[in-house]
Every structure is written in structure tokens, then in C-alpha cells.
Amino acid sequence: MQKDAQPETGIIVGAGIAGLGTAIALASHGVSVTVIDRDQAPATDDPDRAFAEWPRRGVAQLRHSHVFLARLYILLRDHYPELLDDMLRTGARKLPFSTGLPPQLLAGYSPLAADDDFTLISSRRVTLELAMRRFAAAQPGIKIVPDCRVQGLVLTPDSAIPDIQGVRLGEGKKQELHADFVVDASGRTSPFPGLLRKAGARIAEESAPAGIVYFTRHYRLRPGMTEPPRGAAPSVGDLGYLKFGVFRADNGWFSVTLAVPEIEEGLRALVRAGKGFDAVCAELPGVRPWIDPGRAEPGGKVFAMGRLDSLWRHYMRGPRPVVRNFFAVGDSVIRTNPLYGRGCSAGFLQGHLLAGIIAEIADPAARAQAYYTAQMREIRPYYDIMLKQDAQAIRRAERARDPDYQPRFRARVRRHILEQAIGPASRADITVFRALMRGFHMLEDPRIALRDPVIVGRILRIWARGPRRNRAVADRKAGPDRATLFASLSLVGT
Ligand SMILES: Cc1cc2nc3c(=O)[nH]c(=O)nc-3n(C[C@H](O)[C@H](O)[C@H](O)COP(=O)(O)OP(=O)(O)OC[C@H]3O[C@@H](n4cnc5c(N)ncnc54)[C@H](O)[C@@H]3O)c2cc1C
């Protein structure tokens, strides 16, 4: 159904990445939105001061490493170029395709114009938020109301399913805000599922543990120092008992994240303190040069975040919505393991899709159906594959603690395919690497590359050369095995 030209109003609850993205997308279609956030506004435009001072209790992950995948970069480049420019002016960086190329492919690399589609945006998250918030606040039709907490719903009386007319604000304030629709962008701690269930909505929910605890420390390059050159050892890696990554950020900053399996309690306790964190980083050859005290100094404490889970909430039951004039974006409805770096891309993309649907369709039930279908099409394939990978990673972390563990036949075959075929091919053949990167960046279902006969043929060709001829492109050791690291740090591994 084509919508008539009535101006519409929306309330967006949450001024995080998804909320601001949704506001900007809706405003670009002429919808007036009020964005409410429980936290105070930043007191400064300066990324360093905001990083040090902005109290942001509504976003527990604010001071953890963040990078925007190419899916979001392309969305910004093609639809919101002025916002992208603002982000870059504030200090966020474009990391081109070549940044992630294995050294074996870098030497003979000749860039293609289409490689721009593999660009990452990298920055401290605070810096990205500052730029997005400033840009949103400057758009006609967007009003941001900080320091204001949503506590309840305003509902049409006696409707068959909850029909949302607005929200109730602040404890005891008894204030109501009305609009044509409400968007929940209030993140991991959203009050809406509880409020809606109380009002009778039957919301189905799936969840699964990510199995890791995140530890992040930020560092600043000393005056005159630069980031270390690319060496042989990777600055991102998965050792089974520990995953790690260096994140280049803005204005001379970078961060290191260590993702430790929940069951590794000793390692978790060690890296919680700065000294232990740096000691582990010093054992990782691709991280060590970054945190060299002559090159960089830590910018403060180690931030830790646990209870990381994946979550998918369903606001449809079969073909029917369970609530009217209500939509959810970002972590409040779809949450993914942060290791994949997909949350911001998914959240902004949801806002962009939702804004298009609201501009095109007037009927509330048809809107809900179209939005649900779009999410299932655009995000679900990545979610499903992530669930499998997380379950495998949890099992792998358990086995890393058992010195007598002998993998079964299927596990040995899987490892062989990864280590002797896909891994070497991704380092020897740029066509294979590009195909795999499309899945990584959420540009196409990650399973497509490995079902493409051309790509499979190229992988098989590298595999058939055998380990001796593939020595130069074999898996590089990203760091010590568990027993070696634990012995070197005098950790008791149980
Ligand atoms: C450790 C960690 C690392 C991550 N790294 C990455 C990464 O590298 N790349 C990536 O793409 N994603 C990453 N993510 C995921 C990403 O942070 C989230 O997906 C993204 O922030 C979701 O945006 P959002 O707007 O839904 O929620 P948030 O950004 O969390 O914002 C929610 C907002 O709602 C407000 N709010 C909450 N309750 C209320 C209320 N009752 N009333 C009013 N306002 C309210 C909060 O103050 C906040 O501003 C990471 C996540 C974690 C946990």
C-alpha cells in the first residue's frame, strides 16, 4: 500500500548507535523524531575528554573496542555521506582492504575499485557516538532529549494486541510523550519486552551464550611514535583458549581486546588488572610491539564485560504482529557475539530498512511484517552461522584444558580442511580471500563462498599442492599454546 503524504512523528528510545542511525534515516524521509536517552548529553565535543569523562551508564560496552564492518561503511558511503565525512573529521579512520590482507598477498596486490567495498571504519566508540550525535542533532526534524528515562507505555485502551501511542517518562514525573510510532533502541537493558509482556504481547525469544568475557585496554602512542609496521605475526588471532585483537583507533589511540572463555577463571582474573593484561599481551608476538612502553602508554584501566549472549526477539507470531506501532532496532531485539563486530552494522541497517518501510507503507501490520521479513533476510543468515561458530568455540575452549583430548574423526577432518585447504588458499589466492571477506563484512551469506564451484575449485587447487609447497602460506602461529602461556606467566591451569 502506498502511504499518503501525512507528516509522521516517531519516538526513539535510546541515543546509541542504532537509535541515532534510525533517527537520521527517518529524518531523511521527512519523519520528525524525538530521541530520548536515559544518560546525560556529553559535556564536550572533544573525543579525548569525552572518553575520559562522559558518564554513560546506559552503554556498558562504550569503552570496549569497536569497529564498523564494510556493510555499515557502504551504507554510510552510499546513503549518508555527510555523516561519514563528519565521523572521519572527528578522527575515525577508514581502514582499506589492504590493511587486512595477509602479508603473502600484500606484496603482489593491485587494488581494484571494488575493494573499497571492504573498508572498515575504526575508532574509539565514544568518538563515533560524538560524531553521530552531533550530526543527528543538526538535522531538521530530530530532537534529542537526554537525561530522560522511559518507564512505561501509553496504550490504546481495549485493543486486541498492545497498540502503542507513546511512552511514560521518568519515575514519578507522570509525563507522557505521544507519537505515531515508537522505536525501541534502548539496547541490552531494554525495558520494553517486560512492559509489553505485561500488556499482553506474546514475544518469543531465542538466546545462547557467547561463552567469553571481554577485556579491553586503550593505549595512546607517545609523541612522535607511529603504529608498528606489519610484521609476520598477526595482530588478531584465535588460540582457542584466548582470542585477541589490536584495534587501530582515532587521534593517536588504539586498543587491545582479549576475549577469554568464561571457563578460564585464572586467566580472567589475571587480565582484569593492567599488569596482568600487559603481561599476556607481551606473550603475543603480533601485539607485543604495539604495547611496547617506548611506543605507547596505557590510557587507563582494563574494562571488563561478561554475560555476553546472542539474542533474537520475535515481534511477530506467524503472519501477525504481537504489538502495533512499535518497532525494535539494535541490541534490544538482535544481539550478536561482539567478536564478530556486527552489532553496529546490524543496528544501523535495521534503522535504515525500517525508515524505508515507514516511508513506503502506511498500514501498521504490513509495516511490521515487512520489517520482520527484511531482518530475517538481511541479518538472520549471519546470526545462524554465528550460533554454530560460538557453540564450536565453547567446545574448543573446554578441550584446550584437557591435555589428553583426542579429536574425533569428524573434528580432525574439519581441522584439516581449515588448516590445509581454506586457510592456505585464503593466503595464496586473492580471489578466495575476497570471497571470504564478503561473508566477514556481512555483504553476503558466509556460506555462499564455500558453495561457489569456482571458489571451491581454487581452494582445492591450493590444497592439492600439499603442505610442503604450501609452507609459505601455512597457518602462522598467532601465539603460544595454553600450557606454554600458563607456564610463562606462572598461572595454574585447572
Ligand atoms: C564488548 C562489546 C564490543 C563490541 N564491539 C563491537 C564492534 O566492534 N563492532 C560492532 O559493530 N558492534 C560491536 N558491539 C555491539 C554494539 O556495541 C551494539 O550492537 C550496539 O551498540 C547496539 O546499539 P544500540 O543502539 O542498540 O544499543 P546501545 O548502543 O547500547 O544504546 C542503547 C541506548 O539506550 C539508552 N537507554 C537504555 N535504557 C533506556 C531507557 N529506559 N530510557 C531511555 N534510554 C535508555 C542507553 O543510555 C543507550 O544510549 C560490541 C558489543 C560489546 C558488548
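Counting convention: from 1, in listed order, for ligands and their atoms alike.
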* With a 4.0 Å cut-off, would you call Arg77 and Asp116 a salt bridge? -> yes
* Do Arg380 and Trp312 meet the cation-pi criteria used here (NZ or CZ under 6.0 Å from the six-membered ring centre, within 45° of the axis)? -> yes
* Not counting sequence neighbours, which residues clear ring pair (Phe, Tyr, Trp, His ring centres under 6.0 Å) with Trp54? List them please. => none
* Structure fact -> Heavy-atom contacts under 4.0 Å to ligand 1, chain-then-number order, include exactly Val13, Gly14, Ala15, Gly16, Ile17, Ala18, Gly19, Ile36, Asp37, Arg38, Asp39, Arg56, Gly58, Val59, Gln61, His64, Ser65, His66, Val67, Arg125, Cys148, Arg149, Val150, Ala185, Ser186, Gly187, Arg188, Pro191, Tyr214, Met305, Leu308, Gly330, Asp331, Pro338, Gly341, Arg342, Gly343, Cys344, Ser345
* Set of salt bridge (charged side-chain N to carboxylate O under 4.0 Å, His left out) partners for Arg324, sequence neighbours left out -> Asp163
* **Contacts of Asp445 that satisfy salt bridge (charged side-chain N to carboxylate O under 4.0 Å, His left out) - sequence neighbours left out** => Arg447
* Asked: Are Glu262 and Arg268 close enough that some pair of their side-chain heavy atoms sits under 4.5 Å apart?
  -> yes
